[in-house]
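These notes are about the structure you will find just below.
Within every chain, numbering begins at 1; the chains are lettered A, B, ... in the order of the sequence lines, protein sequences first and strands thereafter.
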Amino acid sequence: MPQTQNLTAPTDCLSRAACHDAAAQLLDERGEEWAAVAYFYASYHRVRAAILVDPVFDSLVELPKLDPRLSVQHRETSRHEGRILGGRRDIGVNDLVRTLYRPIYAEYLVLHDASVKVRYGKGISAGRLDGVRACWSMVKHRYDAGALVWRDRQD
Amino acid sequence: MTSDTELRALAQSIGEHAVASFGRGRLGALSVTLDAADLTATVSAALVDETTEAMLDVANAFAQLEELFLPDAVLRLRFVDVDTIRTAPVTSRPSYAMV
């Protein structure tokens with residue numbers, strides 16, 4: 001399988017999420033900061049599984065109301081963060097979480113930040129890992145409860 | 001928005017709004033660095049209280065900040081320590097710092 005292939009089947013995303021769950025827990029038990037990376041990617045794949053089947057992308061009426069920049073093709077967005085190139089804004093998964101799943105957005109940002117810090121920065125403390133685990137647990141709980149589906153904020 | 005003056009004004013504005021929305025008393029330091037190539041603004045926040053609860057509060061405020069600047073820039077949030085901001089190398093990029 002090519003190393004850069006993006007997953008486009010929800011079942012594949014969930015399978016990877018489960019793998020990352022297991023890796024995170026093994027590393028966490030040893031107090032390894034890399035658990036934060038696995039906790040983040042478990043959450044990333046769970047969020048992508050939710051996005052791939054979210055009915056909001058089936059509605060050509062609702063989607064532009066949410067954000068005129070959003071289109072059906074963004075259902076398969078895999079890059080983490082957006083960017084603006086040539087006056088055009090690329091949407092990232094973080095943007096989709098903020099727009100569609102606001103109740104988990106803060107937790108998702110904390111997870112992403114911890115993952116970046118472990119991979120590229122100064123790393124994280126054991127105390128910070130407790131918080132990362134709590135954020136992962138919240139995202140997983142919301143997904144398992146079927147709550148990661150866009151609902152109008154006015155509801 | 002492409003001129004250097006406008007980009008510097010944008011970085012300044014993002015920084016000032018970030019300090020106001022995160023809460024001055026909650027911050028040990030804050031910096032914004034704007035990449036003109038893809039209009040990505042990295043907001044680095046050093047919190048006085050580095051608990052997860054404090055980070056979640058700031059992340060929620062950040063969501064509103066992102067929406068405020070949605071047409072102009074893509075914002076990224078990074079939690080850092082004060083020394084990371086104080087010892088950051090001088091950049092020629094449009095930037096803002098509160099230390």
Side-chain angles (χ1 to χ4, degrees), chain A residues 36 39 66-70 77 79-139 153, chain B residues 1-3 6-7 10-11 14 18 21-22 26 30-31 33-47 49-88 94:
Chain A
Y39 278 134
L66 267 174
D67 184 337
R69 287 169 291 260
L70 279 183
T77 293
R79 62 178 303 121
H80 294 299
E81 294 172 314
R83 60 183 175 178
I84 298 175
L85 287 176
R88 178 174 164 272
R89 187 185 179 102
D90 281 347
I91 301 289
V93 171
N94 288 15
D95 293 311
L96 293 175
V97 175
R98 184 187 67 250
T99 304
L100 303 177
Y101 314 132
R102 178 61 72 89
I104 65 158
Y105 186 55
E107 283 78 4
Y108 193 80
L109 283 184
V110 168
L111 284 158
H112 190 195
D113 174 71
S115 171
V116 169
K117 198 161 275 102
V118 169
R119 287 181 299 143
Y120 305 111
K122 292 181 175 178
I124 62 168
S125 65
R128 178 89 191 271
L129 189 54
D130 291 339
V132 170
R133 186 189 318 111
C135 290
W136 160 82
S137 178
M138 198 270 207
V139 172
R153 291 180 200 173
Chain B
M1 180 176 286
T2 52
S3 81
E6 287 172 318
L7 292 172
L10 177 59
I14 293 169
S21 61
F22 296 173
R26 176 174 268 162
L30 181 138
S31 71
T33 305
L34 184 64
D35 185 336
D38 61 5
L39 293 174
T40 298
T42 302
V43 179
S44 299
L47 305 186
D49 171 9
E50 294 183 304
T51 61
T52 302
E53 291 72 21
M55 288 181 186
L56 292 173
D57 285 345
V58 166
N60 275 315
F62 178 75
Q64 295 175 345
L65 192 70
E66 283 185 282
E67 290 177 346
L68 185 64
F69 288 96
L70 206 53
D72 304 313
V74 174
L75 274 53
R76 293 177 175 169
L77 176 64
R78 299 288 182 258
F79 292 109
V80 299
D81 56 36
V82 172
D83 284 346
T84 298
I85 294 176
R86 285 191 179 146
T87 62

Go through the atoms of [X] and report whether side chain, backbone, both or neither lie under 4.5 Å from a heavy atom of chain A.
X: B:A37; result: backbone
X: B:T84; result: both
X: B:L70; result: both
X: B:D81; result: side chain

| Heavy atoms, side chains only, cut-off 4.5 Å: are A:V110 and B:L56 in contact? |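 Yes, side chains in contact.
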
| field | Side chain to side chain, B:E67 and A:R98, heavy atoms closer than 4.5 Å | value |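 The answer is yes, as the side chains (C-beta and beyond) meet within the 4.5 Å cut-off.
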
Measure distances from [X] to the heavy atoms of chain B and classify the residue's part below 4.5 Å as side chain, backbone, both or neither.
X: A:R89; answer: side chain
X: A:L109; answer: side chain
X: A:E107; answer: both

| query | How many angstroms lie between atom CD of A:E81 and atom OG1 of B:T42, to the nearest 0.5 angstrom? | reply |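 Separation between the atoms: 7.5 Å.
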
Minimum heavy-atom distance between [X] and [Y], given as atom pair plus value:
X: B:P71; Y: A:I84; answer: O-CD1, 4.4 Å
X: B:T40; Y: A:G82; answer: OG1-O, 4.4 Å
X: B:R78; Y: A:V116; answer: NE-CG1, 3.9 Å

| If you tally heavy-atom pairs under 4.5 Å against chain B, which of A:A114, A:G131, A:G87 wins? |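 Most pairs with chain B among the choices: A:G131.
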
| said: Closer than 4.0 angstrom, basic N to acidic O: yes or no for B:E66 and A:R102? | reply: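 A:R102 and B:E66: not salt-bridged.
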
| field | Exam field: side chain B:D38 to backbone A:R83, donor-acceptor pair closer than 3.5 Å | value |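 Side chain of B:D38 to backbone of A:R83: no pair is present.
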
